[in-house]
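Presented below is the structure to which this report refers.
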Amino acid sequence: MKLSKLLTAMVLGAGLLATASAQTVMKISISTSQNSHQGVGIDTFAKEVEKRTAGRYKVQTFYSGALGGERESIEAVQLGTQELALSSTGPVPNFVPETKILDVPFLFRDKAHARAVLDGPIGQEMLKKFDSKGFKALAWAENGFRHMTNSKREVKGPEDLKGLKMRTMENPVHIAAYKGLGIITTPMAFPEVFTALQQGTVDGQENPLSVIMASKFDQVQKHLSLTGHVYSPCIIVMNKAAFDKLSEADKTAFVESAREAAKANRARVDQDDATGVSELRSRGMTINENVDKAKFVSMLAPINADFEKQFGKANIEAIRNVK
Ligand code: EAX
């Protein structure tokens, strides 16, 4: 090889090395499978970050609780052993107690209401509460409205829940509410739920159609009731120090990528809600669409009075009053 060619090759090689070393790799995880509303969310996020930072940042995606359950992933983000996570708000109150109010049953009328609250002043203020806890909360996403499934009986009203042993999220608001409905609550991390249902450790669980389908709970649960008892927000969180290290332009790129992720995620939830009932019926589930929601609401009245005390009646009203 001629000396000039060798030099050219060396320069090119060094250039490639420089590009490679200038790429920062980050991790993001979810508890559901890749083919899910959360999977669509983090795949979109990874693609957008790479595009918007011209490949200087690469986001590695981990699905199905491969890096642990949601509580573990949020803990990892707080510690910085993992940069990012998309998680339900289930375990979030243990880190940012202000988020508890969002998991109050029958708080939101529908998804449009929930999205308006989360993307509006109330939700955006709440994102800031994460700052002092070691997180940068990039955007709200969602699981959707949660419904109850079980292997024992059809649930038409709350009277049918008495004595059912149900897995709940590790969320104090959910646990208090479900106890109030007569359920025997068993808080459990999500990656353990399928096996617990299969082995009969618990009779049931509750999750949106999106999660039920992605996690194939129809294989281990016979009855589904469209209770829609609580809206389940998700949040895209990042380690605060990792976020603070970004240039101003890259910070914007990350926030905008998270918003795109939320858009894709919500669109998939809408799609899952539209197809879920017929899909799950064809997979063999018995589905009760006529749930007496008013009965649930009245049975929850004492618990709700307690929530009003804890979170402030005015704060709950402010959320309910968003049009
Ligand atoms: O975020 O734990 C749960 O039931 C969640 O809804 C699930 O992990 C998806």
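Here, residue 1 is the first one in the sequence, and each next residue gets the next number. Every number for a ligand or one of its atoms is a count from 1 in the order of the listing.
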**Request:** If you have a sec, work out which protein heavy atom is nearest atom 6 (O) of ligand 1 and how many Å separate them, to one decimal?
**Result:** Asn207 OD1, 2.7 Å
**Request:** Please indicate whether any nitrogen or oxygen in Ser232 is less than 3.5 Å from any nitrogen or oxygen in ligand 1.
**Result:** no
**Prompt:** Does His229 use its side chain to pair, donor to acceptor, with the backbone of Arg146 at less than 3.5 Å?
**Reply:** yes
**Asked** In terms of atom number and element, which parts of ligand 1 are under 4.0 angstrom from non-hydrogen atoms of Met169?
**Response** 2 (O), 3 (C), 4 (O), 5 (C), 6 (O)
**Prompt:** What is the closest protein heavy atom to atom 4 (O) of ligand 1, and at what distance does it sit?
**Reply:** Arg167 NH1, 2.7 Å
**Prompt:** Which protein heavy atom lies closest to atom 8 (O) of ligand 1, and at what distance to 0.1 Å?
**Reply:** Ser31 OG, 2.8 Å
**Prompt:** Are side-chain N/O atoms of Asn35 and Arg268 paired as donor and acceptor at under 3.5 Å?
**Reply:** yes
**Which segment of Gln38 sits under 4.0 Å of ligand 1 when only heavy atoms are counted** = side chain
**Item:** Part of Met188 within contact of ligand 1 (heavy atoms, under 4.0 Å)
**Value:** neither
**Prompt:** Nearest protein heavy-atom contact for atom 1 (O) of ligand 1: which residue, which atom, what distance?
**Reply:** Glu70 OE2, 2.6 Å
**Message:** Is there a side-chain contact between Tyr57 and Glu50 in this structure, where contact means two heavy atoms from C-beta onward sitting under 4.5 Å apart?
**Reply:** no
**Asked** Would you say the side-chain atoms of Asn143 and His37 include a donor-acceptor pair closer than 3.5 Å?
**Response** yes
**Message:** Can a donor-acceptor pair be found, under 3.5 Å and without considering hydrogens, that links the side chain of Asn239 to the backbone of Leu84?
**Reply:** no
**Message:** With a 3.5 Å distance limit and no angle check, can you tell me whether Ser151 reaches the backbone of Asp203 through a side-chain donor-acceptor pair?
**Reply:** yes
